[in-house]
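What you see is a predicted model, and the numbers here were worked out from it, not measured in a lab. Every heavy atom of this structure was used, including side-chain atoms; hydrogens, water molecules and symmetry mates were not.
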Amino acid sequence: MSRVIGIIFSSAGYDRAAQGVTGAGRRLADALGLPLQMVVVGGGGGDLAGSLAAVADAVTVLTVTGVADYQPEQTLAALTDLCRGEGAQAVLLGNDTWSQELAPRLAHRLGGSAAGDGVELVIADGRLRVSRSVYGGKAMATIELLRDPAVVWIRARAFDPATAREVPAPIESLEAAPTGEPATFIIERKSEVTGEARLEDAQVIVSGGRGLGGPEPFTDLQDLAGLLGGQTAASRAACDSGWCPPSWQVGQTGRKVAPGLYLAVAIRGASQHLAGISEAKTIAAINNDPDALIFKHCRFGIVEDYRKVLPLLRERLAAMRKE
Ligand SMILES: Cc1cc2nc3c(=O)[nH]c(=O)nc-3n(C[C@H](O)[C@H](O)[C@H](O)COP(=O)(O)OP(=O)(O)OC[C@H]3O[C@@H](n4cnc5c(N)ncnc54)[C@H](O)[C@@H]3O)c2cc1C
């Protein structure tokens, strides 16, 4: 029987991205009337496999003998066999580097079609249509995938998680034999140590731009973000000025975030910045220029000098916390 297959790399755990892939997979499988099989690639999938079993119809923990780390060719060969064997009609992956690298290669080997960067998946006339943002977020493109299986990597956090089912799915382990010599391997891994949670997972982001005029106001933004249980980010102009770490940069060449609330303070709203916040549920802005581009994209806007607004906001939020 054919099915929808979702692929998760075990190194990430059941984070918001894995939840998004599973949620998108669940809805796609339901729309097609097919079962959803989640595949955990790599060892140590215990907790992750258990979380996936709560929302999928079947879970497979896939390892390649002797391959502890991600190995593109070996993993690709094992996944190709699995997808063929299970009769995959659609395959979904997240937007991590491995998934983006793997998706088109997997589609090619399966004789299917591929698309990437999907933020919406729709079945129309029996075919999968994938929508994604183009031209730095100025327009949306919809791509129809004509050949099955459709292999798509999605902006996982743009999709809601699936709700748990009454009976958890069975979990099976599958060990594949390595095929051929590896063509590439990882020489070194370096983790970024920021002491903060990932911006991509933040539910509230208070972000500052060049209009703040210097590094000091970022302390106020951090304060405000703290009251909202969120994190602080910045435009490229603010990062390039050295007012905050480069890891805070949101946009086309920075982080792609998907918070419930994105508050842009003294940020103009250049298309390159907007490209990083297209998945934010609600955008709010404080800017002293009524013609600032950001106001065309936000739900709530305050035309005012941020120095007047921030203390009032802070005061009100602190009072609300005490109530
Ligand atoms: C290839 C490429 C990639 C890029 N990638 C990114 C990216 O990933 N992320 C990114 O952010 N940018 C990116 N940029 C840069 C982008 O084009 C903009 O230059 C940048 O986003 C501008 O940042 P800003 O809005 O903070 O600054 P500005 O454009 O200088 O805007 C400052 C804003 O603050 C307002 N302001 C000033 N004073 C006050 C005040 N007292 N109170 C309230 N408001 C005030 C002004 O009205 C203005 O709207 C990229 C550019 C290129 C060419």
Side-chain angles (χ1 to χ4, degrees), residues 17 95-97 100 117 132-139 155 157-158 188-228 230-280 282-298 300-311 313-314:
N95 49 333
D96 53 279
T97 317
Q100 291 184 26
D117 216 7
R132 69 178 180 209
S133 127
V134 290
Y135 298 115
K138 282 187 179 160
R155 288 218 190 170
R157 290 175 188 79
E188 190 185 6
R189 271 181 201 279
K190 282 188 185 169
S191 309
E192 190 180 48
V193 184
T194 62
E196 290 177 346
R198 281 157 37 90
L199 264 185
E200 286 85 346
D201 296 328
Q203 266 312 298
V204 175
I205 294 178
V206 180
S207 193
R210 181 155 45 198
L212 291 179
E216 297 81 13
F218 275 97
T219 314
D220 298 329
L221 296 198
Q222 277 178 298
D223 208 24
L224 192 63
L227 283 169
L228 290 162
Q231 284 184 244
T232 324
S235 71
R236 176 161 151 181
C239 294
D240 285 355
S241 304
W243 301 343
C244 49
S247 58
W248 286 18
Q249 185 187 316
V250 164
Q252 185 183 317
T253 44
R255 308 286 179 104
K256 311 273 189 296
V257 297
L261 172 66
Y262 186 86
L263 174 58
V265 184
I267 292 178
R268 174 165 47 98
S271 63
Q272 295 91 350
H273 187 80
L274 296 172
I277 60 173
S278 59
E279 288 161 32
T282 302
I283 299 172
I286 303 170
N287 198 302
N288 62 1
D289 175 5
D291 297 324
L293 276 169
I294 191 80
F295 288 130
K296 291 200 173 125
H297 301 271
C298 70
F300 305 104
I302 301 176
V303 183
E304 188 53 272
D305 189 320
Y306 78 88
R307 285 166 291 204
K308 287 190 188 161
V309 182
L310 286 189
L313 255 181
R314 199 197 173 287

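- With a 4.5 Å cut-off on side-chain heavy atoms, Leu310 and Leu221 count as touching.
- When all heavy atoms of Ala238 and Phe218 are compared, the closest pair comes out as CB-CZ, 3.8 Å.
- At distances below 3.5 Å, not a single donor-acceptor pair connects side-chain atoms of Gln231 with backbone N or O atoms of Ile205.
- Residues Asp305 and Lys308 are not paired through a salt bridge, judged by the lack of any N-O separation under 4.0 Å between the basic side chain and the carboxylate.
- Shown here for Phe295 and Gly301, the closest heavy-atom pair between the two residues is CE2-CA, 3.7 Å.
- A donor-acceptor pair is defined here as one N or O able to donate and one able to accept, closer than 3.5 Å; such a pair exists between the side chain of Asn287 and the backbone of Ile267.
- Between atom CZ of residue Arg236 and atom NE2 of residue His273 there is a gap of 12.5 Å, rounded to the nearest 0.5 Å.
- The two residues Ser247 and Leu199 come nearest to each other via the heavy atoms O-CD1, 3.9 Å.
- For the pair Ser207 (side chain) and Leu263 (backbone), a donor-acceptor distance under 3.5 Å is absent.
- The CG atom of Asp240 sits 8.5 Å away from atom CZ of Arg210, with the distance rounded to the nearest 0.5 Å.
- Distance check: Ser278 OG to Lys256 NZ gives 8.5 Å after rounding to the nearest 0.5 Å.
- Put simply, the residue from Pro217, Ser235, Ser241, Cys244 that forms a side-chain contact (heavy atoms from CB on, under 4.5 Å) with Leu212 is Pro217.
- Taking all atoms of both residues into account, the shortest heavy-atom contact from Val250 to Ala233 is CG2-CB, 3.7 Å.
- Side-chain contact between Val206 and Leu261: absent, with no pair of heavy atoms (C-beta onward) separated by less than 4.5 Å.
- Taking CZ from Arg268 and CG from Leu274, the interatomic distance works out to 9.5 Å, rounded to the nearest 0.5 Å.
- Between Val257 and Arg157, every side-chain heavy-atom pair lies at or beyond the 4.5 Å cut-off.
- Between Glu279 and Arg155 a salt bridge is recorded (basic side-chain N to carboxylate O distance below 4.0 Å).
- Counting heavy atoms from C-beta outward, Asp220 and Arg314 have side chains that stay 4.5 Å or more apart.
- The minimum heavy-atom distance linking Cys239 with Ala234 is given by the pair SG-CB, 3.8 Å.
- Residues Leu313 and Ile286 have side chains in contact (heavy-atom distance under 4.5 Å, counting atoms from C-beta outward).
- Residue Leu228 holds its CG atom at 10.5 Å from CG of Asp223, rounded to the nearest 0.5 Å.
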